[in-house]
Structure formats: structure tokens, C-alpha cells
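Have a look at the structure below, then the notes.
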Amino acid sequence: MHRDTVFDLIGIGFGPSNLALAVRLAEEAGVSDLAHCFIERQPEFGWHRGMLLDDCRMQISFLKDLVTMRDPKSRFTFINYLFERGRLADFVNLKNFYPTRVEFHDYLSWVAAAFDERVNYGQTVIGIEAVKGEGKAQDIEALRVFSRDAEGREWERSTRALSVGIGGGPQVPPAFAALGTHNIVHSSQYLTSIDRVVGPSNGARKRVAVIGAGQSAAEVFVDLTRRFPHVDASLVIRSSALKPADDSPFVNEIFSPAFTDIVYAQPRDGRRSLIERFRDTNYAVVDRPLIEQIYEMLYLQNVSADPRHRLLANTGIETAVRTAGGQIELTLRDRLNGHARAESFDALVLATGYRRDTHLDLLDSLTPHLGEALAQGDVERDYRLVTPASFKPRIYLQGCCEDSHGLSDTLLSVLALRSDEIVASLARHTSQDRSASRTPTFPCTTRRFTAACATDVSQ
Ligand SMILES: Cc1cc2nc3c(=O)[nH]c(=O)nc-3n(C[C@H](O)[C@H](O)[C@H](O)COP(=O)(O)OP(=O)(O)OC[C@H]3O[C@@H](n4cnc5c(N)ncnc54)[C@H](O)[C@@H]3O)c2cc1C
Ligand SMILES: NC(=O)c1ccc[n+]([C@@H]2O[C@H](COP(=O)([O-])OP(=O)(O)OC[C@H]3O[C@@H](n4cnc5c(N)ncnc54)[C@H](OP(=O)(O)O)[C@@H]3O)[C@@H](O)[C@H]2O)c1
């Protein structure tokens, strides 16, 4: 029987969360021998490419990059990136803490390039399996991670710990889910799909509705009005007005790493109430300058008596159906006077936000071993899923711990420190494993493929 090597850590997803972790692992001398790799479904590094609109800015200071809050002397700071790109002096002249997302994407890609050998790009993780030891206790000793590449080949790797950093999934309201994707796109795929979704003019004007009142909706709305001279855009919002994100300094302290301790120390209800109280820092809110830009655009088209674009406030969507001609007919109800009316659109952009529960599907097969912990989101302060004593592998969750760790969990704010906390935990537990000589005792009979510890199970 062939016994395979086992990784100390596999990171699923290689967005900013696991990228920050890769940096921390590389910079912490005490963990240099941890065998680890990452699996990312995109063919190369990409940070919300579908929303990489030209002039949109970061919603966070560049000083909250992947490392500075932990170690401003790291070579992976945004400032060092600017220096190496030869733009430091020019950036200083901008007098702006908020780079464009295009520039921040370039910074993240620059960091990611340093870890190319650690990342298996172009592979989607499709399942996780618990591996029992052969000892009497039959404890779960490790996890098998299954992934599939673009050619349909399946890969299998074994690990003692997982870091799940798969981000959010598109939140598609049920009214739209049944309509397919013919002329409907979620904002996360805006740039990659909008030309197809809107289609050519062919001499006719196109009516496009953007659904949502958050930052994505506002950015998409403005972009549509600029990108397509033949589009009449309607921004459909349930609320009475586009509301500004509260980024005032005292409120902004909730995104400081120290606030994570405050949230985590609360009982469940207290955590929820803190999150609700500060919801308008992040969800269904828009940067003030963008609100002012939209207001002015709508005002100016009234001055020129050419009102092509609209903001439909207080407007709920009751039904969405496809017409015989392929348009989408929405039943819109005015939430103030209760009146309903039908309007048809050639295309829809759903800027309806993100789900943060996609890790549940990925880890579903472990439920029999984990009990209620997964569904209830029982996570330790060090982001480790609570597991029974018989379940030895560690599962670190990043970006899906908002309920326990607060609003910064889905954002970039705490990445530098969170990666530090996870690596400290990983180092502690790995050294315990080693001092207990917990070597793997599970069988692995499949043939090894190219990557160390990876197996192509399709052969
Ligand atoms: C348009 C937009 C702009 C934003 N701007 C900001 C901002 O300015 N400031 C801020 O603090 N936050 C911002 N956010 C919030 C955002 O969540 C964080 O910036 C950041 O992306 C979180 O990083 P992450 O690695 O946790 O998730 P993601 O960036 O979503 O990365 C997850 C990665 O996992 C991969 N993946 C998913 N499933 C699998 C799988 N099964 N197998 C393999 N790989 C998988 C994905 O391809 C992706 O690369 C923004 C969000 C959006 C949508
Ligand atoms: N520049 C940037 O850095 C940038 C750009 C884009 C996004 N982001 C970030 O990405 C995250 C998500 O932002 P987001 O704008 O994508 O999502 P969001 O803030 O969660 O907003 C989703 C919007 O969709 C609306 N909605 C949901 N279901 C609906 C339905 N059935 N009918 C009508 N409306 C519905 C919500 O309406 P209600 O308000 O009525 O609930 C809400 O306004 C945030 O952290 C944001 O800061 C950042």
C-alpha cells in the first residue's frame, strides 16, 4: 500500500484572504517548513474582475493592504509595490488614500506573482472528504480535497488543515432565479457579460434595469450610461433614496482589528445587534461622491430635457416574467402609494449583493462528523471551526465569519492581522501534532500526478 505525503495546509480559493495568508506563511520564520498550497478556480489571479471598472476607487485606505497593519516593513506593502513600479512620488502627489481598484488589483497581482509555485490555478474544489485513521479510535485524521481543472481532470490532495477563503457567491433573488441568464447578469459578472447581455443597438434604444441600492448598483448604473449610448438605464431601488456609506472616523473604528475582539466577546444576540447597528457602513450604501455624481447626471438630463436615465425609488419588484419577444416584464409596486404597474426591459443587471454561505455546500460531506457546528457557525476566535475531539483536522474560515467576528470579516480591513492569527494557530497545532508524532496512518492508493502530494484520480 502506498502512503501519500500530506499537506499541513491547503487553502481553497486564492483571493486576498488566502493571499494574505500566503504572505504571512512566507514571512514567519517559525513556519517555513509547513507544507502548503492553494487551489484557485480562476486561470490566474483576479480580484473581482467582473467589476474592475476603470475609475472606481477602493473603499479602504491603501494602508490596509495585505501586510502594513501587521508589519509596515514587509516587502509586500502597497508602498513597496509603488516603489518597485516607479510610481511612489507620483502617488504621493495624488494626495489620496484610496487608489483605483484597477491599481489595487495590480498590487494584489504583483504580490500573488511571488507565490505562483504555491498556487494551483484553474482548478475548482468540488468536494472534501474526511479521512479516518487506521488506529482503533477511527478518528478523522485528515481531509481529502478534490478539485477539477478546465480539461475535466480531477485532482486529489490530502491535508491536516484547510483555509477556506472562497469569498461570496452571487445573491440572486428567487424572482429572477428561474429566468435563466439570457439577458440577465449579476453584477459580479458585469464586465465579462454586459456586451452580450445588452446586445447591439440595431438602430433601437435598449431599456436596461439595474436592481439594487448598494455600491455595485450605483457603479453599474453610471457605467451603463457611459458605456452604451443606446441604453436607457433605470436604477430600481426598494429604499426611498440612495444612502451614503458611513465612513466617518469614529464609526470607522469598527473596522479596526481590535474591534474583532469586542464583537467576538459578545453573546450571539449582542454580535447580531452590533452588526445591524453598523450595517450602513457597508451594505446597501454608496460612496457619497458617487451619489452626488448620479444626482447631478439626473439633474443635467432634466436641464437638457432629455431624461433617458431614471432612479425608481420606493419600488419593489413583485414578479419578473419573460415576454414572448424575450424581454423581461417586471411588476413594480410603489411602496408609498401601493400602486402596481408593469414595465418591460431588454436586459437586467442584478446588483443584489452576495451570499456568504457557499462554504456550507463545500463542507457539506463533513456534517456527519461535525454535528451542528458548521450550520450554526461555531467558530473559535482564531477562525477555526469548532470540531469534536475525534476530528483532528483544522478548518479555518475566512470571509464567512461575519456573524461571529463582525463586519470587517468580508472585507480587506483585517487581512493582515487575521492571517497572523491563523498562522499562529496553525503553528501551535502543527507543533502539537508533531510532538505527538501524529503521522498519517490513512491509505492513499491512487497514483501521484505532477504536483507534490497531488493525485490525478481520473487516470
Ligand atoms: C466589486 C467589489 C469591490 C470590493 N471592494 C472592496 C474594497 O474596496 N475594500 C474592501 O475592504 N472590500 C471590498 N470588497 C469586499 C471583498 O469581499 C474583499 O475585497 C475581498 O475580495 C475578500 O477576499 P476573499 O479572498 O475573502 O474573497 P474573494 O476575493 O471573493 O476571493 C475568493 C477566491 O476564491 C475562489 N474560489 C471560489 N470558490 C472556489 C472553489 N470552489 N475552488 C477554488 N477556488 C474558488 C474565487 O475564484 C476567488 O478568487 C469588494 C467586493 C466587491 C464585490
Ligand atoms: N468600490 C468598491 O470598493 C466596491 C464596489 C462594489 C461593491 N463593493 C463591496 O461589495 C459588497 C457588496 O456590495 P453590493 O452593492 O454588491 O451589495 P449590497 O450592499 O449587499 O446591496 C445589495 C442591494 O440589493 C438589493 N436587493 C437585494 N435583493 C433584492 C430584491 N429582491 N429586490 C430588490 N432589491 C434587492 C438590496 O436592497 P435593500 O437595500 O432594499 O435591502 C441592496 O440595496 C460591499 O462590501 C461593498 O462595499 C465595493
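Order of listing sets the numbers, starting from 1, for every ligand and every atom in it. We number each residue from 1, following the sequence as shown.
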List the atom pairs, donor and acceptor, that lie under 3.5 Å between side-chain atoms in residues 71-79 and the rest of the protein, sequence neighbours left out.
from, atom 1, to, atom 2, distance (Å)
Asp71, OD1, Lys73, N, 2.9
Ser74, OG, Glu27, OE2, 2.7
Ser74, OG, Phe76, N, 2.9
Thr77, OG1, Asn80, N, 2.9

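- Within 4.0 Å of ligand 2, counting heavy atoms only, the contacting residues are Arg57, Gln59, Arg101, Pro173, Ile211, Gly212, Ala213, Gly214, Gln215, Ser216, Glu219, Arg238, Asn282, Tyr283, Ala284, Ala351, Thr352, Gly353, Tyr354, Leu411.
- For the pair Ser216 and ligand 1, the shortest N or O to N or O distance does not fall below 3.5 Å.
- Below 3.5 Å of separation, one finds an N or O of Gln42 facing an N or O of ligand 1.
- Checking only distances, Glu40 does come within under 3.5 Å of ligand 1, N or O to N or O.
- Taking distance alone, with nitrogen or oxygen atoms compared against 3.5 Å, Ser17 approaches ligand 1 more closely than that limit.
- The closest protein non-hydrogen atom to atom 28 (P) of ligand 1 is Gly167 CA, 4.0 Å.
- At least one N or O atom of Arg41 sits closer than 3.5 Å to an N or O atom of ligand 1.
- If you check each of Tyr354, Phe255, Phe38 against atom 53 (C) of ligand 1, the one with the closest non-hydrogen atom is Tyr354.
- Considering only residues two or more places apart in sequence or on other chains, Asp54 meets the side chain to side chain donor-acceptor pair (under 3.5 Å) condition with none of them.
- The side-chain hydrogen bond (donor to acceptor under 3.5 Å, both in side chains) contacts involving residues 417-426 comprise Ser17-Arg418, Arg24-Asp420, Arg381-Glu421, Asp382-Ser425, Tyr396-Ser425, Gln398-Arg418, Asp409-Arg418, where partners must be two or more places apart or lie in separate chains.
- Of the listed residues (Phe45, Trp47, Phe14), the one carrying the non-hydrogen atom nearest atom 5 (N) of ligand 1 is Trp47.
- Of the candidates Asp409, Leu415, Val125, it is Val125 that places a heavy atom closest to atom 42 (N) of ligand 1.
- If you check each of Met51, Arg148, Arg101 against atom 3 (C) of ligand 1, the one with the closest non-hydrogen atom is Arg101.
- Of all the atoms in ligand 1, the ones that sit under 4.0 Å from a non-hydrogen atom of Ile166 are 32 (C), 34 (O), 37 (C), 38 (N), 39 (C).
- For ligand 1, one of its N or O atoms has an N or O atom of His48 under 3.5 Å away.
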